[in-house]
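Reading through the structure tokens given below for one structure.
Every heavy atom of this structure was used, including side-chain atoms; hydrogens, water molecules and symmetry mates were not. Quick caveat, the model's predicted, so the values are computed rather than measured. The first residue of the sequence shown is numbered 1, and numbering continues consecutively from there.
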Amino acid sequence: MRVLEKSQYSGPAADFGSSNLMLGKENFFTNLVIASLRPLRQIVAEAERAIEQLTLKQVVAWFVKDGKIRTQQGVDAAFLDL
């Protein structure tokens, strides 16, 4: 199983450079989609499948699992930086 490190993806700025990060209300959804790629890439890495093959159930289960890790093991053990 290939797992991404937190430092590999620190959000949209990591993918596109902070100077290119879109700001403003009109670009909110663009930033949302870009930021959503980080956890989706992690889910894909753990599931060892293509992003197109992920189901809603798998995505929800991953978020629940990450939340439980955060609660039981602490913030540093979880993938998401909330």
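- Among residue pairs with one or both ends in residues 49-59, none qualify as salt bridge (Lys or Arg N to Asp or Glu O under 4.0 Å); sequence neighbours excluded.
- The salt bridge (Lys or Arg N to Asp or Glu O under 4.0 Å) pairs that include a residue from residues 58-67 are Glu46-Lys65, where partners are two or more places apart or lie in different chains.
- Using a 4.5 Å cut-off between side-chain heavy atoms of Ile, Leu, Val, Met, Phe, Trp and Tyr, Val60 falls into a hydrophobic cluster with Leu56, Val64.
- Evaluation of the side-chain contact (heavy atoms from CB on, under 4.5 Å) rule for Leu40 yields Ile43, Ile51, Leu54, Val59 as partners, not counting sequence neighbours.
- Remark: Leu32 CG to Asn27 CG distance equals 12.0 Å, nearest 0.5 Å.
- By the 4.5 Å heavy-atom criterion applied to side chains, Leu80 and Arg70 are counted as neighbours.
- Counting only residues at least two apart or in different chains, ring-ring contact (aromatic ring centres under 6.0 Å, His included) contacts with residues 39-73 comprise Trp62-Phe79.
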